[in-house]
Amino acid sequence: MIWGGIGAVVGFLTSLLGSLVGILVAGFVGISCGRRAAEAEAGRRAGALSGLIGGAVAAPAFVIGASAGALVAARAIGSPRIASTLSDVLGTQVSSDEAWQIFLLSIVVAAIFQAVVLVLAATAAGAWTTRSK
């Protein structure tokens with residue numbers, strides 16, 4: 001539970017830089033969470049199972065924090081600027097409302113990737129922790 005709260009703060013702060021950074025950091029948070037969960041549950045559960053449970057508990061808090069960070073960053077940039085950038089990249093006119101909808105969809109996709117990366121990293125770290133002992 002503690003790593004979930006720490007992960008939410010870390011996810012918020014790193015996602016101010018962008019969702020890709022949040023996805024990368026999810027792996028590091030997952031590794032830390034999985035190792036600590038496997039060490040705490042040593043002898044009671046298999047390391048991979050401990051990591052999986054630890055990652056599954058921490059993932060929602062991390063994803064919510066990271067999504068909130070991405071929203072704060074997008075609000076600071078503004079939807080007209082996002083629309084302008086998308087229009088330049090796509091070569092077609094994108095309205096501010098369309099840009100905001102695309103951005104919100106990207107946050108959902110990034111949140112799914114963050115959760116998957118965090119849980120898989122935690123599971124692998126939990127398994128690796130018990131194997132290396």
Grouping I, L, V, M, F, W and Y whenever their side-chain heavy atoms are under 4.5 Å apart, do L90 and W100 come out in a common cluster?
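Result: no, two separate clusters.
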Shared hydrophobic cluster for V21 and L118 (ILVMFWY, side-chain gaps under 4.5 Å):
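Same cluster.
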Where do [X] and [Y] come nearest, in terms of heavy atoms and distance?
| X | Y | answer |
| --- | --- | --- |
| C33 | A58 | SG-CB, 3.9 Å |
| A99 | V94 | N-CG1, 3.8 Å |
| Q114 | A26 | O-CB, 3.6 Å |
| S95 | A83 | O-CB, 3.7 Å |
| V63 | A111 | CG1-CB, 3.3 Å |
| G55 | A122 | CA-CB, 3.7 Å |

Spatial distance of atom [atom1] ([X]) from atom [atom2] ([Y]) [nearest 0.5 Å]:
| X | Y | atom1 | atom2 | result |
| --- | --- | --- | --- | --- |
| I82 | T85 | CD1 | OG1 | 7.5 Å |
| F113 | L24 | CZ | CG | 12.5 Å |
| Q93 | S84 | CD | OG | 8.5 Å |
| I102 | I107 | CD1 | CD1 | 12.5 Å |
| T123 | I31 | OG1 | CD1 | 11.5 Å |

Assess whether atom CZ of F28 is packed by more than 12 heavy atoms of other residues, nucleotides or ligands within 6.0 Å.
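No - once you tally the heavy atoms of other residues, nucleotides and ligands closer than 6.0 Å, there are 12 at most.
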Answer yes or no: is there a side-chain heavy-atom contact under 4.5 Å between L86 and F103?
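Contact flag for L86/F103 side chains = no.
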